[in-house]
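Below is one structure; the comments refer to it alone.
These numbers were taken from a predicted model, which means no experiment stands behind them.
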Amino acid sequence: MIKLILPIEPVAQARPRARRFGRGIRLYDPPKTAVFKKQLRALATEMYHDAPVEGEIYLKVAFYRKIQKSISKKEHDRRASGAHRPIVKADLSNYLKSFEDALNGVLWKDDAMIVHEEIDKYYSDKPRIEVEIYAKNGETKYFGGFSRNHD
């Protein structure tokens with residue numbers, strides 16, 4: 001199992017932008033998404049020094065978004081404890097897409113190898129991404145939910 005806590009604020013995958021290129025069209029990530037992917041890739045490369053995982057991958061990811069400053073102390077405490085979870089944009093699937101794309105070739109050879117995912121979205125005063133990676137090597141690995149330490 002590989003477990004990493006990446007101290008970076010999650011950014012959702014935005015719709016690709018298009019630009020004319022000669023006779024064709026070139027699609028590219030918006031700047032905010034591109035910068036996030038580059039920073040996340042650099043962080044993961046700094047923290048993980050082994051070869052990318054191959055084979056069936058079982059993934060657990062928790063995205064911790066920053067708590068807004070414009071809310072009451074009572075609501076802040078609810079969000080920090082996990083009693084209130086983010087139910088507004090950005091979508092969990094868009095966070096996951098930018099995360100998986102950024103880590104291709106670093107933590108796993110290709111995100112197509114991921115066969116099972118458990119994904120959560122929380123608020124926190126310390127934005128970050130927590131990931132656990134299990135690879136199948138001869139036996140099937142099953143797992144339950146994360147145990148959470150809210151700050």
Side-chain angles (χ1 to χ4, degrees), residues 1-18 26-69 71 75-151:
M1 176 194 54
I2 301 164
K3 183 173 183 173
L4 297 173
I5 298 174
L6 302 155
I8 187 171
E9 184 157 7
V11 173
Q13 178 70 42
R15 295 198 186 277
R17 305 293 188 254
R26 180 180 175 268
L27 296 176
Y28 62 96
D29 281 330
K32 185 176 180 181
T33 305
V35 167
F36 167 75
K37 287 181 178 181
K38 187 176 181 178
Q39 290 173 340
L40 181 61
R41 186 175 183 85
L43 260 175
T45 302
E46 184 179 307
M47 298 173 81
Y48 180 73
H49 304 290
D50 293 333
V53 176
E54 293 190 52
E56 290 181 20
I57 297 171
Y58 299 76
L59 186 67
K60 292 199 299 187
V61 185
F63 297 99
Y64 290 84
R65 347 173 359 167
K66 190 162 188 62
I67 299 174
Q68 298 90 331
K69 294 182 192 236
I71 58 172
E75 180 60 21
H76 178 278
D77 293 344
R78 285 188 196 119
R79 291 179 182 194
S81 72
H84 284 185
R85 306 235 331 240
I87 57 171
V88 295
K89 293 194 181 257
D91 297 342
L92 194 56
S93 58
N94 290 331
Y95 280 131
L96 187 62
K97 180 67 178 152
S98 64
F99 172 79
E100 287 177 351
D101 287 351
L103 299 177
N104 274 337
V106 178
L107 296 182
W108 41 76
K109 189 173 181 183
D110 190 314
D111 59 351
M113 296 175 165
I114 299 169
V115 297
H116 179 83
E117 297 174 318
E118 289 186 23
I119 320 310
D120 287 298
K121 183 169 64 167
Y122 294 94
Y123 287 113
S124 176
D125 288 321
K126 297 177 187 168
R128 64 191 180 278
I129 302 170
E130 295 182 2
V131 61
E132 289 184 21
I133 303 165
Y134 300 82
K136 181 178 176 184
N137 46 353
E139 64 197 55
T140 304
K141 306 250 182 175
Y142 295 99
F143 47 85
F146 274 137
S147 59
R148 298 277 175 228
N149 292 327
H150 296 285
D151 36 39

Closest approach of Ala90 to Ala12 (non-hydrogen atoms, all atoms of both residues): CB-CB, 3.4 Å

Tyr48/Val53 under side chain to side chain contact (heavy atoms under 4.5 Å, CB included): CA gap, chis, key distance, verdict: CA-CA 11 Å; Tyr48 180 73; Val53 176; 3.9 Å; yes

Side-chain heavy atoms of Tyr123 within contact of His76, under 4.5 Å: no

Spatial distance of atom CG (Leu92) from atom CD1 (Ile87) [nearest 0.5 Å]: 13.5 Å

Nearest atoms (heavy-atom pairs only) where Val106 meets Ala44: CG1-CB, 3.8 Å

Between CG on residue Leu96 and CD1 on residue Ile114, distance to nearest 0.5 Å: 7.0 Å

Heavy-atom side-chain proximity of Val11 to Lys32 below 4.5 angstrom: yes

Close side-chain approach of Arg79 to Gln68, heavy-atom, < 4.5 Å: yes

Close side-chain approach of Phe99 and Ile8, heavy atoms under 4.5 Å: no

Interatomic distance, Trp108 atom CH2 to Glu100 atom CD [nearest 0.5 angstrom]: 6.0 Å

Validation row: Tyr64, Lys126 side chains within 4.5 angstrom (heavy atoms): no

Backbone N/O of Ala102 and side chain of Arg41: donor-acceptor pair under 3.5 Å: yes

Reported CD1-to-CG distance for the pair Ile2 and Leu59, which is rounded to 0.5 angstrom: 10.0 Å

Check: Leu107 and Ile57 side chains under 4.5 Å, non-hydrogen atoms: no

Flag side-chain contact, heavy atom, 4.5 Å: Gln13 against Lys37: yes

Salt bridge (Lys or Arg N to Asp or Glu O under 4.0 Å) involving Lys109 - partner list, sequence neighbours excluded: Glu54

Gap separating the CD1 atom of Ile133 from the NZ atom of Lys60, nearest 0.5 angstrom: 12.0 Å

Side-chain touch Glu9/Phe36, heavy atoms, less than 4.5 angstrom: no

From Leu4 atom CG to Ile129 atom CD1, the distance as rounded to the nearest 0.5 Å: 11.0 Å

Pairs meeting criterion side chain to side chain donor-acceptor pair (under 3.5 Å) with involvement of residues 84-97, two or more places apart: Glu75-His84, Arg85-Asp120, Lys97-Asp101

